[in-house]
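In what follows, chains carry the letters A, B, and so on, assigned in the order in which the sequence lines appear, proteins first and then strands, with residues in each chain numbered from 1. For the numbers below, each heavy atom of this structure counts, side chains included, while hydrogens, waters and symmetry mates do not.
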Amino acid sequence: MADVFPFQEIETKWQARWDELFRCDTSRTADKYYCLMMFPYPSGDLHVGHGRNYIIGDALARFKMMDGANVLAPMGWDSFGLPAENAAIKNEIHPREWTERNIAAMKRQFYRWGVIYDWSREVTSCFPEYYRWTQWIFVRLFKAGLAYREEASVNWCPSCKTVLANEQVAGGVCERCGSTVYLKKLAQWFFRIRKYADRLLDDLDKLPNWPERVRVMQRNWIGRSEGVEVSFLLEGMDERLECFTTRVDTIYGATFIAIAADHPLSAELLERGGRAAEGKEFLQMVRELQVQEREKAEFTKEGFFTGCYAANPANGRRVPVYLASYVLMEYGTGVVMGVPAHDQRDFEFVRRSPIDIDVVQVISPDGAQSPGLSEAYTGDGRLINSEAFDGLDNRIGMAHITARLAEKGLARPVVHFRLKDWLISRQRYWGAPIPMVHCRKCGVVPVKEEDLPVILPENVDFHPRGDGKSPLATVAGFVETACPVCGGPAERDTDTMDTFVDSSWYFLRYLSPRDSSRPFDSSLVNAWLPVDQYVGGIEHAILHLMYSRFIVKFLHDEGLVSFDEPFRNLFTQGMIHRNGAKMSKSKGNVVNPVPLIDKYGADTVRIYTLFIGPPEKDAEWSDRAMEGAYRFVNRVWRLYANHREILQGAFGEESIDPEILDEDRLKLYRAVQVTIERVTGDIFARGFQFNTAISALMELTNEMYLFIEQNEAFKRRDPGATSLFRDAMKNLLLLLAPIAPHLCEEIWERMGSGTTIFSRKLPKANSRYLKSGTYTLVVQVNGKIRSRIEAEKDTPREKLSELALADDKIRKFIGEGKIIKVIVIPESLVNIVVK
RNA sequence: GCGAGAGUGGCGGAACUGGCAUACGCGCUGGACUUAGGAUCCAGUGAGGAAACUCGUGGGGGUUCAAAUCCCCCCUCUCGCACCA
């Protein structure tokens, strides 16, 4: 009967003891390592996909501890938000209670994985002692002119009955519930993130250790675009139409103007052009198209002639002004100069136009005008049909044309961004109240900092009202207040904040989580941030990371923190898939880790999860492959269990002189050195490659079994051999401990150690023994392997060449051929080139 | 369409600087022990071939003594963005 690792008996014991281990003394900063996991939304059901995130973080924290770092690994809860409210409405339970229950369940879950944090620093964003400071940040932003209220067309989800940020609308539908979103005009709060657009873009270069794809996504999201604003004078009106273009070099090809249907001038233009009646229909149609159709790939370019004309400022050409569905009011100026010859969209529009619009080619790829275009030519070339600029390279012409128009006051260089200001107000209950007061006399004024927090009332009918107002509007005791400025009767703002505001600064709070006098301790935060390693999912590549960067830059500008980027290193782990889809409750393909931990133990689940593939890549879950990890755990356990006597005290130093070991023992000694090198390299140098580190540890284990079974000296219990085995076991446990902590702690203790294995340092390899004394030299003839020869390390090149040429098999292959060249790669191969 | 990543045995994957392709694990085949095996251990396991050998990292070309790795062209998949003027 084989001995089995009794994980059920020992797991909880260690999980309780490790609390102490993870408690961080933040006054020690010299060797600090801030290891941060993205704090979760407490949805209550963690599956193995979430597990991967936390297991990676936990293993990393433990490796860093054993690397000698003072590790800060805190955890908290991003606990405001819609799901709590929805669940509460459905189950008739208060969102706070629902949230707290889930937090308790998830905390238990973390422990069961052996995933430990410094819980003395736990933060919960829905508690007043936390959101007080979220409100404080809001007030600071307001005072700095970076929070403002504006009537805006906002995305309205009819099912969630709330406003959504642009980021929460995907393909015209609500990201959360899938309902079709439409536009609604409401007064909303915004943060002026656009003011930071340039810095958010430029400083991406300060983050070389972020995944390239995250930086690209942020860059695209900010969408900086340099161009020129050109004025087209409207015929018979004292008005100009400002067009934003990045291709002013094509202006001589501009043969129409297209403006957005919701442009403020559109109605007036239709009136002037005498087409108001039919135009109205068109406007209505575009409005209906807007949110839904616009998102679809097959969006057609509908247009309507206003009856008005404008003058092309370059050549005075009279061009018709169209309303066009493909022009977006939100980008640029909402007016586009139509250059069908050199813009594919304009080209397609002209094809559909009921009246003729000229297609004038002004750039020629080869310097000669080509006869007719089947699609727009968007490349570079020489300018033609461009009067004084003919013959110029178009890129050079661009500067000249801009200068000429600018002289006449008809153009100016501008920069546009796709990034929009951050809409942060929500008409929902479960969020941090916006700390503003509406006073008839004083206007909209912030609550005094000393009066924060504005407490979210408990007894509220939090069912959404659907009238564009938050449920808080029904709570008289909440709404009615005194104006902080004049003291007169006033009303509180009843909106709550987007939860991304809560999560944009939580990593600062962990350093002083119970401080009731300020949001964070500047000196501690300056010592501990930027975060050394941030670990989380790719789904937060844009929003959370962008908002956190913005808030930190703001706090930096306020002189409250000394750094201006929050996260120095970012690691985004891959998602776990099952049956070809990413694991999610809605897909019904989630795997509950609890039964697996019950059956195989936490360490097996950890090993399998880390062994499944490179942590940054998506992986397919398979219960069956769990067996391999389970076998490995038990193989390590039996290594101890079958040699208890030999391994007593094996946590200490063994006196091994590798110089006097025979070849058999040297082989094991070398295997240990190689494993140390590989595991530490895989984790630290190569970026958390737990999968290959585990392979290396499996190989060492296999090597140890070979030694036990085959080494005669070991079978005799010869002290020279057992000492070597003890040393191998010690190193195996030290390297495996961060990955399979329960197993290694338990064996460590049973071997007689009174202190935790995590107080020990990771071993260092004896670099002189990473390679063996002899190696197999591969001999090729014309690049094909023809023989293998055992060779001594450090054999000179000439000698290797001689050895290879003297080999019988090789001589046979060379035969009558003429040797042209012999390539010798020492320690590896010889290639003989024969003709 | 643009951007990023990927394509290697039956499967997950390894191969770090161009130098032994398929480490490690799963699965499978055979064997040992056994009343039994969903335990454990041993052996085997890219394809073809009796063998010598030949072929083999999505496809095609190239560079090189040598290519999974570098270059060019193409195909497929995943993710992100998508009328951004």
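Phosphate contact (OP1/OP2 of B:A4, side-chain N/O of A:Arg215, threshold under 4.0 Å): absent. For B:A23, neither phosphate oxygen OP1 nor OP2 lies less than 4.0 angstrom from any side-chain nitrogen or oxygen of A:Asn702. Considering only side-chain N and O atoms, A:Arg631 lies under 4.0 angstrom from the phosphate OP1 or OP2 of B:G27. The side chain of A:Ser225 contributes an N or O atom lying less than 4.0 Å from OP1 or OP2 of B:A85.
Nucleotides B:A15 and B:U22 have their C1' atoms positioned 9 Å apart, rounded to a whole Å. Nucleotides B:G46 and B:U29 are separated by 16 Å at their C1' atoms, to the nearest Å. Look at the C1' atom in both B:U57 and B:A67: the space between them is 11 Å, to the nearest Å. B:A47 sits 39 Å from B:G3 when the C1' atoms are compared, rounded to a whole Å. Atom name P, nucleotides B:G58 and B:C11: the rounded distance is 13 Å, in whole Å. B:G38 and B:G27: their P atoms are spaced 12 Å apart (whole Å). Separation of the P atoms belonging to B:U78 and B:G13 is 16 Å when rounded to the nearest angstrom. To the nearest whole angstrom, the two C1' atoms, one in B:A21 and one in B:G9, are 11 Å apart.
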Practice problem: In sequence, state the C-alpha distance, the side-chain angles, and the governing distance for A:Arg215 and A:Arg213, and then conclude on side-chain contact (heavy atoms from CB on, under 4.5 Å). | Solution: CA-CA 5 Å; A:Arg215 286 163 50 197; A:Arg213 94 173 142 144; over 6 Å; no
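None of A:Phe632, A:Tyr600, A:Trp637 except one satisfies the ring-ring contact (aromatic ring centres under 6.0 Å, His included) rule with A:Phe5; the exception is A:Trp637.
For the pair A:Ile222 CD1 and B:A82 C1', the computed distance is 18 Å after rounding to whole Å. The distance from atom CE of A:Met217 to atom P of B:C79 is 12 Å, rounded to the nearest whole Å. We find that CE of A:Met626 is positioned 17 Å from P of B:G25, with the value rounded to whole Å. Atom CZ of A:Arg797 and atom C1' of B:C65 are 13 Å apart (whole Å). Following rounding to the nearest Å, A:Asn642 (CG) and B:C41 (C1') show an atom-to-atom distance of 12 Å. In this structure, A:Met546 places its CE atom 16 Å from P of B:G80, rounding to the nearest Å. Look at CG on A:Asn220: it is 10 Å from P on B:G3, rounded to the nearest Å. For the pair A:Ile251 CD1 and B:A85 C1', the computed distance is 13 Å after rounding to whole Å.
Contacts of A:Asn831 with the nucleic acid, taken as non-hydrogen atoms under 4.0 Å apart, include base atoms. Looking at heavy-atom distances under 4.0 Å, A:Val833 makes contact with sugar-phosphate atoms alone, never a base. Among the atoms of the strands shown, only primed sugar atoms or phosphate atoms (P, OP1, OP2) are found under 4.0 Å from some heavy atom of A:Glu709. Using a 4.0 Å heavy-atom criterion, one finds that A:Arg635 contacts the sugar-phosphate atoms exclusively.
Relative ring orientation between A:Trp422 and A:Tyr547 is described as parallel, the plane-to-plane angle staying below 30° on a 0-90° scale split at 30° and 60°.
Minimum atom distance to the side chain of A:Ile785 is reached by B:A21, of the listed B:A21, B:A85, B:C41. Distance from the side chain of A:Ser695 is smallest to B:A23 among B:A23, B:C53, B:G19. Residue A:Arg418 has its side chain nearest to B:C81 when only B:C53, B:C20, B:C81 are considered. Comparing B:G38, B:C79, B:C20 by their closest approach to the side chain of A:Lys599 singles out B:G38. Listed candidates were B:A85, B:U54, B:A23. Nearest to the side chain of A:Phe244 is B:A85. Closest to the side chain of A:Arg638, from the set B:U54, B:U40, B:G19, is B:U40. Among the nucleotides B:G27, B:G3, B:G25, the one closest to the side chain of A:Val216 is B:G3. For A:Thr246, taking side-chain heavy atoms from C-beta onward, the closest of the listed nucleotides B:C24, B:C20, B:A85 is B:A85.
Contact between A:Val824 and A:Val830 at its shortest, heavy atoms only, is CG1-CG2, 4.2 Å. In terms of heavy atoms, A:Phe349 sits closest to A:Ala324 at CE1-CB, 4.0 Å. Between A:Val321 and A:Thr306, the shortest heavy-atom contact is O-OG1, 2.7 Å.
Looking at A:Arg213, its side chain has no donor and acceptor atom pair within 3.5 Å of the base of B:C79.
With 3.5 Å as the limit, one finds no donor-acceptor pair spanning the side chains of A:Thr255 and A:Asp358. With hydrogens and angles left out, the side-chain atoms of A:Ser231 and A:Glu242 include a donor and acceptor closer than 3.5 Å. Residues A:Asn220 and A:Arg418 have side chains that never bring a donor and an acceptor to within less than 3.5 angstrom of each other.
For the pair A:Arg194 and A:Phe417, the NZ or CZ position fails the cation-pi test of under 6.0 Å to the six-membered ring centre and within 45 degrees of the ring normal.
Projected onto RNA chain B by closest heavy-atom contact, A:Glu212 and A:Ser622 fall at different nucleotides, the more 5' of which corresponds to A:Glu212. Take the nearest nucleotide of RNA chain B for A:Asn634 and for A:Glu348: the residue whose nucleotide is more 5' is A:Asn634.
In textbook terms, a nucleotide whose glycosidic angle is within 90° of 0 is syn, and B:G9 is one such case.
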For residues 671-680 of chain A, run the donor-acceptor check on the side chains, cut-off 3.5 Å, and write out each pair with its distance to 0.1 Å, sequence neighbours left out.
from	atom 1	to	atom 2	distance (Å)
A:Gln673	OE1	A:Asn766	N	2.8
A:Gln673	NE2	A:Tyr669	O	3.4
A:Thr675	OG1	A:Ala671	O	2.6
A:Arg678	NH1	A:Glu699	OE2	3.4
A:Arg678	NH2	A:Glu699	OE2	3.2
A:Thr680	OG1	A:Ile676	O	2.7
A:Thr680	OG1	A:Glu677	O	3.4

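A ring-centre distance under 6.0 Å is found for A:Phe707 and A:Phe714.
Surrounding NZ of A:Lys715 are more than 12 heavy atoms belonging to other residues, nucleotides or ligands, all under 6.0 Å away.
In RNA chain B, runs of at least 3 consecutive Watson-Crick or G-U pairs, each pair with both distances below 3.5 Å, span B:1-7 with B:75-81, B:10-12 with B:24-26, B:27-32 with B:40-45, B:46-48 with B:53-55, B:58-62 with B:70-74.
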Practice problem: If a protein heavy atom is under 4.0 Å from the base, mark B; if only from the sugar-phosphate, S; if neither, -; do that for nucleotides 8-16 of chain B going 5' to 3'. | Solution: ----BSSS-
